[in-house]
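Contents: one structure, followed by commentary.
Below, each value reflects all heavy atoms present in this structure, side chains not excepted, and no hydrogens, waters or symmetry copies. Each chain gets a letter, A, B and so on, in the order its sequence line appears, and its residues count up from 1.
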There are 2 protein chains.
Amino acid sequence: MAETAGRRADAQRSIAVILQAAVEALSRDPDASVSEIAKAAGVGRVTVYGHFPNRADLVDAALAHAIEQGRSSLDEVDLAGDPGEALTRLIDSSWQLVDRSRSLLQAAQSVLSPDRIRTLHAGPAERVQKLVERGRAEGVFRDDLPTEWLVGVMHSVMHHAADEINAARLAPEEAGGYIAATVLAAFRPPGS
Amino acid sequence: MAETAGRRADAQRSIAVILQAAVEALSRDPDASVSEIAKAAGVGRVTVYGHFPNRADLVDAALAHAIEQGRSSLDEVDLAGDPGEALTRLIDSSWQLVDRSRSLLQAAQSVLSPDRIRTLHAGPAERVQKLVERGRAEGVFRDDLPTEWLVGVMHSVMHHAADEINAARLAPEEAGGYIAATVLAAFRPPGS
DNA sequence: CCTAAGTCGAACATCGATGTACGAGTTATC
DNA sequence: GATAACTCGTACATCGATGTTCGACTTAGG
């Protein structure tokens with residue numbers, strides 16, 4: 001659904017504006033209704049259903065859209081050089097994305113299957129995974145825990161930071177530093 | 001509400017069984033309805049409303065009950081000796097509690113205010129906080145990040161482990177070791 | 001300029017959950 | 001054993017959200 005293939009120009013525009021509105025609305029409130037999203041998009045509720053068969057598919061498309069948008073920002077990160085420094089750079093730019101769309105993710109979790117969400121995240125996750133494996137091969141990162149676990153921990157720490165900011169217990173400027181300091185320490189080999 | 005004070009004996013029994021059923025039902029499904037909880041408790045739905053004014057109050061009481069139950073289990077942990085080893089012991093016994101009631105927590109998050117949840121968790125959190133501060137004073141734990149942040153990270157890693165187990169990507173037996181290894185590394189002072 | 005595609009709002013059917021009301025039956029407790 | 005507390009089921013009112021249908025209007029695109 002929502003294939004922009006043969007659709008007319010104004011239909012494509014509608015789909016784009018709906019998608020964008022869905023991302024923004026769900027990023028504010030994970031329980032945003034279709035009505036609210038339609039209103040935010042400046043579009044009738046029926047129009048939304050004209051492009052997306054149901055709410056779940058809309059949330060799916062919104063998450064995919066947000067991830068796709070984030071990808072370009074992640075592509076600019078220099079992953080060469082010392083794995084530790086590269087990871088720091090990667091964290092700096094990806095953590096903000098996580099923060100922004102954390103509510104959107106929650107929306108997805110309550111409507112989409114875990115497998116589906118995992119599939120949607122495959123792209124970004126693989127990027128981190130590769131870097132971790134390289135750092136591991138160079139002896140900079142620890143070797144006694146699975147890479148999937150380490151990647152997950154990084155994710156989890158970022159989510160925690162987002163929660164803390166959201167609760168006004170952490171200043172947004174400091175988050176990046178905290179996360180990097182924590183994750184790098186967690187990734188370091190046991191004996192050092 | 002649900003004060004067991006002057007209530008009759010059978011009423012107290014009802015409240016107890018409802019509370020227990022609520023904890024179990026919400027631990028399976030965070031969106032469990034009042035009907036489901038009542039059925040699980042072997043009690044009429046109206047009876048539930050006779051003791052708890054609304055669903056939110058019931059969830060609140062259920063979370064409080066679960067935390068109180070966990071407290072006794074946490075009380076047995078020996079927090080003396082090397083902070084690192086004490087933390088390992090504390091993680092081992094508390095992480096399972098987090099796992100079991102992770103769905104319940106999600107239920108609470110969608111119905112209770114963040115402040116309220118924080119208040120309910122004050123007891124267990126303080127326990128960890130104290131230990132971290134001691135380890136910090138002894139130079140075993142890092143000093144360059146706020147204790148609240150460190151405690152939060154530990155929480156966050158445990159939640160992540162629970163998610164992984166729940167998704168069948170992590171064996172329950174290994175979780176404890178993974179968590180301890182990760183958290184201890186994250187807590188170690190930067191230069192070592 | 002003609003037609004098909006798209007949009008609109010309003011209305012409708014459905015659904016599940018919440019919370020309340022009632023009346024009759026049970027059971028604790030004094 | 002009498003009374004007040006408790007429980008039960010059923011029924012009801014309400015609510016909000018979902019998804020569909022309809023008919024009229026607008027607009028893109030050959």
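Applying the ring pair (Phe, Tyr, Trp, His ring centres under 6.0 Å) rule to pairs touching residues 169-188 of chain A yields A:F141-A:F187, A:Y178-B:W149, sequence neighbours excluded. Each ring pair (Phe, Tyr, Trp, His ring centres under 6.0 Å) pair with one or both residues in residues 66-95 of chain B, not counting sequence neighbours, would appear here, but there are none. Within the structure, every pair that satisfies the side-chain hydrogen bond (donor to acceptor under 3.5 Å, both in side chains) test and touches residues 16-30 of chain A, not counting sequence neighbours, is listed here: A:Q20-A:E24, A:Q20-A:Q69.
A salt bridge is absent between A:D163 and A:R169: the closest approach of a Lys/Arg side-chain nitrogen to an acidic carboxylate oxygen does not fall below 4.0 angstrom. Using a 4.0 Å cut-off between charged side-chain N and carboxylate O, B:D60 and B:R55 make no salt bridge. A salt bridge links B:R71 with B:E68: the distance from a Lys NZ or Arg NE/NH1/NH2 to an Asp or Glu carboxylate oxygen falls below 4.0 Å.
Bracketed by its first and final contacts, the part of DNA chain D lying under 4.0 Å from non-hydrogen atoms of chain B reaches from D:dA4 to D:dA11 in 5' to 3' order.
Taking 4.0 angstrom as the limit, A:H51 places none of its side-chain polar atoms (N or O) nearer than this to OP1 or OP2 of C:dG6.
Residues A:I91 and A:A180 come closest through the heavy atom pair CD1-CA, 4.1 Å.
Using a 4.5 Å heavy-atom threshold, the side chains of B:L150 and B:R136 count as touching.
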Practice item. Spell out protein contact along nucleotides 18-30 of chain C as letters: B when the base is contacted, S when just the sugar-phosphate is, - when no protein heavy atom is under 4.0 Å; keep the 5' to 3' order. Key: BBBB-----BBS-
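Taking CG from B:L90 and CD from B:E85, the interatomic distance works out to 13.5 Å, rounded to the nearest 0.5 Å. Once rounded to the nearest 0.5 Å, the distance linking CD1 of A:I18 with NE2 of A:H51 reads 5.0 Å.
A rotation axis mapping the C1' atoms of four pairs onto the next four is fitted at both ends of the helix from C:dC1-D:dG30 to C:dC30-D:dG1 over five pairs, and the angle between these axes is 30° to 10 degrees.
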